[in-house]
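The analysis underlying the following values was restricted to heavy atoms, covering all of them including side chains, and did not include hydrogens, waters or symmetry mates.
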Amino acid sequence: ETGELFVADDDRGLSRIDCHGELSFLTRLPKSARLLAISDDGQWGAAVVGYGTLYRFDRALKAVWETELSEPCMAIAVA
C-alpha cells in the first residue's frame, strides 16, 4: 500500500494526496464521481460518473479509457 488518499468531490474533482498530506494530482471529470476504486499499489483506478459512465485512469489521474454502461452501476471494484 502506498499510503496515498484518492478523493472525489462534488465539484467534479478527482485528487491524489500523498502520504505527507500534499496534493499530488488534481483533475476534473465531466461530472462528479459517484463511485471510486483504486488498485492496492495506486497504479490504476476507476470511477463511475453519473449512473452510466465508467472511467479507467492511471496514477497521474489521466483517463485511459471510458465506456457507457447500459444499466446504472451500483458498485465498482479494481483487482
Report task. Examine R56 relative to W44 and say whether NZ or CZ is less than 6.0 Å from the centre of the six-membered ring and inside a 45° cone about the ring axis. Result -> yes
Requested in this report: Following the transitive rule for hydrophobic clusters with a side-chain heavy-atom cut-off under 4.5 Å over Ile, Leu, Val, Met, Phe, Trp and Tyr, establish whether V48 and L36 coincide in one cluster.
Outcome: no
Closest approach of [X] and [Y], non-hydrogen atoms and distance?
X: Y55; Y: P30; value: OH-CG, 2.8 Å
X: E4; Y: D18; value: CG-CA, 4.1 Å
X: T2; Y: G42; value: CG2-N, 4.4 Å
X: D11; Y: D9; value: N-OD1, 2.9 Å
X: S32; Y: R12; value: OG-N, 3.4 Å

**Report entry** From S15 atom OG to R28 atom CZ, the distance as rounded to the nearest 0.5 Å
**Finding:** 7.0 Å
**Report entry** Straight-line distance of S24 OG to F6 CZ, nearest 0.5 Å
**Finding:** 8.5 Å
Query - Side-chain donor or acceptor of R16 paired with backbone N/O of L26 under 3.5 Å - result: no
Query raised in the report: Is it true that a side-chain atom of R34 and a backbone atom of G50 form a donor plus acceptor pair closer than 3.5 Å?
Result: yes
Report task. Please identify each residue that fulfils side-chain contact (heavy atoms from CB on, under 4.5 Å) with D40, with sequence neighbours left out. Result -> none
Query raised in the report: D10: what forms a side-chain contact (heavy atoms from CB on, under 4.5 Å) with it, not counting sequence neighbours?
Result: none
Requested in this report: Output, in order, the C-alpha distance, side-chain angles, deciding distance and verdict of side chain to side chain contact (heavy atoms under 4.5 Å, CB included) for F57 and I38.
Outcome: CA-CA 9 Å; F57 55 88; I38 309 297; 3.6 Å; yes
Under 3.5 Å donor-acceptor pairs involving side-chain atoms of residues 61-77, not counting sequence neighbours:
unit_1: E68; atom_1: OE1; unit_2: T53; atom_2: OG1; d: 3.1
unit_1: E68; atom_1: OE2; unit_2: T53; atom_2: OG1; d: 2.8

